[in-house]
Amino acid sequence: MPELPEVETTRSGIAPYVEGEVVSKVLVRNGRLRYIVPKALAKMPVGQVVRRVDRRGKYLLFCLDGGTIMVHLGMSGSLCVVDEGLTPGKHDHVDMVLASGVCLRYTDPRRFGSVLWVEGDVFEHRLLKHLGPEPLVRQFNARYLLTRALGRKVLIKVLLMDSRVVVGVGNIYANEALFLAGIDPRMRCGDLTAESSKQLVKAVKQVLRRAIEAGGTTLKDFVNSEGKPGYFQQKLYVYGRGGEACRRCGGLIEHFKLGQRSTYCCGNCQDV
DNA sequence: ATGCGGACCTGTTAGC
DNA sequence: TGCTAACAGGTCCGCA
């Protein structure tokens, strides 16, 4: 579920409640997430101050003095600020309880996400080490994308969703960015030109920025730190709109599979 | 090195 | 109405 805008929405919502506060305990109700949470947290000491809440790609990083709590929301995860006393639901797997009485509650029906404790330089952790640049920084530019695309045979959509190339772009925003750039998702990487690379980078940045402003996309179950949905779904051009009219040309939005992922595009507005 | 397919889970929806 | 199958926002691993 959560792509970069949803993770960033969560981060900015949580930060004011957490930064400068002491973690008094971490309560694990169901540790069977992507990585077994009790094991992953085994060495974590309690009573430390959270210095800041950061984000790298789709990972949330709670930076403490002795290490980092690294949270990934997977497909269906969310993290809400609740009162410690609130009765947990079926999928409320982990609580991070602060000395202030505020509780960060991790909810994840599909359990594809995880909560890890990492000591030392978190960016050297195997899950972060090989990540590509953040999409919203200058380092992610037309020249960079072209360099990474040329000489490869994968489809352009697959490349965009490869976190070693650029982080944070999941299936929804890959579809949207390709539409905005006027590029068919079935185009091969090798066919990217300087011009189309420029358009695509611009589109990726634009769609992510707009989605962050709208508080993310809620298709089914994404909620922010207050348990509220995002509103970007109302602004989607192609994702989830198979068979409907293109908002730009009125043509039919196509829907098919690429790799294993649901793909949407306008055959008229997007060229291979 | 690159590309591809399967695996990890559960809940909801579509279809018979 | 009720059962079953397909599908869903994301990685990560192993094999060719």
Side-chain angles (χ1 to χ4, degrees), chain A residues 1-10 29-37 39-40 55-60 70-79 89-94 106-116 125-132 135 147-178 185-190 207-208 211-212 214-224 229-236 238-243 255-264:
Chain A
M1 155 233 273
E3 303 182 32
L4 186 146
E6 292 73 36
V7 179
E8 180 55 28
T9 297
T10 300
R29 286 189 206 81
N30 182 351
R32 300 188 54 194
L33 304 191
R34 169 142 206 174
Y35 306 102
I36 305 300
V37 176
K39 273 192 202 171
R55 180 187 59 69
R56 177 74 176 100
K58 298 174 188 170
Y59 289 91
L60 283 168
M70 197 158 83
V71 176
H72 197 288
L73 301 176
M75 289 272 262
S76 57
S78 57
L79 203 51
K90 184 178 174 186
H91 304 297
D92 294 343
H93 306 311
V94 181
Y106 179 86
T107 305
D108 187 1
R110 286 177 74 183
R111 292 192 275 121
F112 276 12
S114 205
V115 180
L116 301 170
H125 189 278
R126 64 182 189 91
L127 294 172
L128 301 190
K129 198 173 180 178
H130 302 291
L131 294 180
T147 307
R148 297 300 304 260
L150 295 183
R152 293 197 53 189
K153 290 180 178 171
V154 286
L155 305 176
I156 191 68
K157 181 173 179 243
V158 174
L159 187 84
L160 262 193
M161 294 176 66
D162 183 343
S163 62
R164 289 165 305 181
V165 174
V166 60
V167 295
V169 185
N171 198 32
I172 297 178
Y173 299 113
N175 277 294
E176 293 298 308
L178 287 161
R186 292 161 287 199
M187 187 181 87
R188 293 281 163 185
C189 279
V207 72
L208 294 178
I212 291 169
T217 299
T218 298
L219 292 180
K220 220 164 76 68
D221 48 18
F222 172 71
V223 289
N224 65 21
Y231 294 97
F232 195 72
Q233 62 279 11
Q234 296 164 10
K235 301 184 179 178
L236 297 174
V238 289
Y239 188 87
R241 299 193 64 246
H255 180 206
F256 50 91
K257 292 266 179 202
L258 271 196
Q260 320 277 54
R261 316 305 298 275
S262 214
T263 302
Y264 301 86

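Naming convention: chains lettered A, B, ... in sequence-line order (proteins, then strands); numbering from 1 in each chain.
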*Nearest-nucleotide wise, let me know which of A/Arg34 and A/Val158 is further upstream toward the 5' end of DNA chain B.*
A/Val158
*Of the candidate nucleotides C/dC12, B/dC9, C/dA8, which contains the atom at the shortest distance from the side chain of A/Phe112?*
B/dC9
_Complement of C/dG9, any strand, by Watson-Crick or G-U distances under 3.5 angstrom_ = none
*Answer yes or no: does a side-chain N or O of A/His72 lie under 4.0 Å from OP1 or OP2 of C/dC12?*
no
*Given DNA chain B, 5'-ward residue of the pair A/Lys153 and A/Gln260, judged by closest heavy atom*: A/Lys153
*Quick one: is A/Lys90 getting a side-chain N or O under 4.0 Å of the B/dG11 phosphate, OP1 or OP2?*
yes
_Taking the minimum atom-to-atom distance to the side chain of A/Asn171, which one of C/dG10, C/dC12, C/dA8 wins?_
C/dG10
*asked:* Can you tell me which nucleotide in C/dC12, C/dG9, C/dA8 comes closest to the side chain of A/Tyr59?
replied: C/dC12
*A/Lys220, nearest nucleotide to its side chain (from B/dT12, B/dT10, C/dT11)*: B/dT12
*asked:* Has A/Glu3 got a side-chain atom pairing as donor or acceptor with A/Tyr173's backbone, closer than 3.5 angstrom?
replied: yes
*Considering only the P atoms, how many Å lie between B/dC9 and C/dT4, rounded to the nearest integer?*
22 Å
*For A/Phe232, which contact category applies under a 4.0 Å heavy-atom criterion: base, sugar-phosphate, or nothing?*
nothing
*So, the side chain of A/Ser76 versus the backbone of A/Gly74: is there a donor-acceptor pair under 3.5 Å, distance only?*
no
*Is there a side-chain polar atom (N or O) of A/Lys257 under 4.0 Å from OP1 or OP2 of C/dA8?*
yes
*Taking atom CZ of A/Arg32 as the centre, does the number of heavy atoms from other residues, nucleotides or ligands within less than 6.0 Å exceed 12?*
no
*A/Phe256 CZ - C/dC7 P separation (whole Å)*: 15 Å
*Does OP1 or OP2 of C/dG9 have a side-chain N or O of A/Arg261 closer than 4.0 Å?*
yes
*Could you tell me whether a side-chain N or O of A/Ser78 sits under 3.5 Å from a main-chain N or O of A/Phe222, the two making a donor and an acceptor?*
no
*asked:* Without decimals, in angstroms, what is the distance between A/Met75 CE and B/dT12 P?
replied: 15 Å
_Any base atoms under 4.0 Å from A/Arg164, or only sugar-phosphate, or nothing? Heavy atoms, all strands._
nothing
_Should the side chain of A/Arg111 and the base of B/dC9 be counted as holding a donor-acceptor pair, with the cut-off at 3.5 Å?_
no
*Pairing nucleotide - B/dC9, Watson-Crick or G-U, each distance under 3.5 Å*: none
_On the nucleotide B/dG11, are OP1 or OP2 found under 4.0 Å from the side-chain N or O atoms that A/Ser76 carries?_
no
_Any A/Arg126 side-chain nitrogen or oxygen under 4.0 Å from OP1 or OP2 of C/dC13_ = yes
*asked:* Of the listed nucleotides (C/dG9, B/dG3, B/dT10), which one gets closest to any side-chain atom of A/Arg152?
replied: B/dG3
